[in-house]
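To start, the structure itself, in structure tokens.
Computed from a predicted model, the values in this text were never measured in an experiment.
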Number of protein chains: 2
Amino acid sequence: MLTIGKLGEAAGVKVPTIRYYEQIGLLPPPDRSAGNQRLYGQRARDRLAFIRHARELGFPLEAIRDLLSLSDRPDQSCAAADSIARAQLAATRARIARLRALEAELERMIGQCAHGTISDCRVIEVLGDHAQCRHDHDPAVAEPAA
Amino acid sequence: MLTIGKLGEAAGVKVPTIRYYEQIGLLPPPDRSAGNQRLYGQRARDRLAFIRHARELGFPLEAIRDLLSLSDRPDQSCAAADSIARAQLAATRARIARLRALEAELERMIGQCAHGTISDCRVIEVLGDHAQCRHDHDPAVAEPAA
DNA sequence: TCTTGAACCTATAGTTGCTAGAGACATTAG
DNA sequence: CTAATGTCTCTAGCAACTATAGGTTCAAGA
């Protein structure tokens, strides 16, 4: 049996975060010691590792909740898990494309700066001009918290 | 002149968000109508569009503040602008690198999905086992909200 | 001109995903 | 046995919004 500290160490998650996950129902309430301290087993460790890993990949907690509920019912189709992952992939690619545009502009600015001219900073134009957008601003596709 | 609603529509930003940006000093207080309603011009529109795009790229508001200062003070010393731009470029490249690693792993996860049942779903399995990761994803560099 | 309804105003509280503190109890090493 | 460390609950704070309440202004139609 693991104390909360050992569990956090094993899964790479901070202690208050574990208690937070319990509070919001992502982790089931564990058994307690005689002195009321949480005691975890292997299943909790696996579940927490899963959550951590998914968080690192940018899945929001609600998506993780869905994924966990999927794995609790192993006879169902994989399609739901697949679509959650695909949505995450699409969001990731969209971000990369935008960041490349910004990278190019910052490089250009720094190059000009080397020549002593910063009076024509076009960062705002590059990032601010709606017309230069490659992607539609579909609010439904807007990035959620990660 | 644009009312706050029209401005929000034009820039793709919700009205309360605009007021919030003003409150924290990202947008200057605009002129007001006789009846105390905010009135914005073209510059405010460009600035807001810039903020929105930068937020979509995952820049924290503090970084956006720095980027805006590049265009707010075009005659400031080249050294200051250069260091801000370089810092943002480094941050941008780090984000790109990380997102590409995530992209690769998500692709791999999805590619392995045999469209069977959850019990042999690779997505769930990969998420549960960090050892299957080809890429290290440093939790300290976890993606912030975007 | 009057009226109605949408858009605006301020201020406050709630959201997500944590993180940090306070003050008290439990466990463990020496 | 004692001191140090770990844990407990609870509350408050962070970023970056978002929503609500209760009131005011504006633009357009009758």
Just how far, in rounded Å, is [atom2] of [N] from [atom1] of [X]?
X: A/Ile64; N: C/dG17; atom1: CD1; atom2: P; answer: 8 Å
X: A/Ile4; N: D/dT9; atom1: CD1; atom2: C1'; answer: 12 Å
X: B/Lys14; N: D/dA16; atom1: NZ; atom2: C1'; answer: 12 Å
X: A/Lys6; N: C/dA26; atom1: NZ; atom2: P; answer: 20 Å
X: A/Arg52; N: C/dG17; atom1: CZ; atom2: C1'; answer: 16 Å
X: B/Gln23; N: D/dA19; atom1: CD; atom2: C1'; answer: 15 Å

Identify, between B/Gly35 and A/Tyr20, the residue whose nearest nucleotide on DNA chain C lies closer to the 5' end.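 Its nearest nucleotide being more 5', the pick is B/Gly35.
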
Under-4.0 Å side-chain N/O to phosphate OP1/OP2 contact, [X] with [N]:
X: A/Ser33; N: D/dT7; answer: no
X: B/Arg32; N: D/dC26; answer: no
X: B/Tyr21; N: D/dC17; answer: yes
X: B/Arg19; N: C/dC9; answer: yes
X: A/Arg38; N: D/dC8; answer: yes

A/Ile4 and A/Ile18: which non-hydrogen atoms are nearest, and at how many Å?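 Smallest interatomic distance, heavy atoms only, reads O-CD1, 3.7 Å.
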
For the student: nearest non-hydrogen atoms of A/Ala11 and A/Ala49, plus distance: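 Taking A/Ala11 first and A/Ala49 second, the nearest heavy atoms are CB-N, 4.3 Å.
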
Do B/Arg65 and B/Ile24 come close enough that some side-chain heavy atom pair is under 4.5 Å?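 Yes, at least one pair of side-chain atoms sits under 4.5 Å.
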
Could you check if a side-chain atom of B/Pro30 sits within less than 4.5 angstrom of a side-chain atom of B/Leu39, using non-hydrogen atoms only?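 Sidechains of B/Leu39 and B/Pro30: no contact.
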
Map A/Asn36 and B/Gln37 onto DNA chain D by nearest heavy atom, then report which one ends up closer to the 5' terminus.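 Final value for this comparison: A/Asn36.
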
By nearest atom, which of the nucleotides C/dC8, C/dA26, C/dC18 is closest to the A/Thr17 side chain?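 The nucleotide sitting nearest to the side chain is C/dC18.
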
Could you check whether B/Ile24 gets within reach of a base, just the sugar-phosphate, or nothing at all, counting any heavy atom under 4.0 Å?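 No contact.
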
Is it the case that the side chain of B/Arg38 and the backbone of B/Leu2 share a donor-acceptor pair, with hydrogens and angles ignored and the cut-off at 3.5 Å?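 Judged by distance alone, no pair lies under 3.5 Å.
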
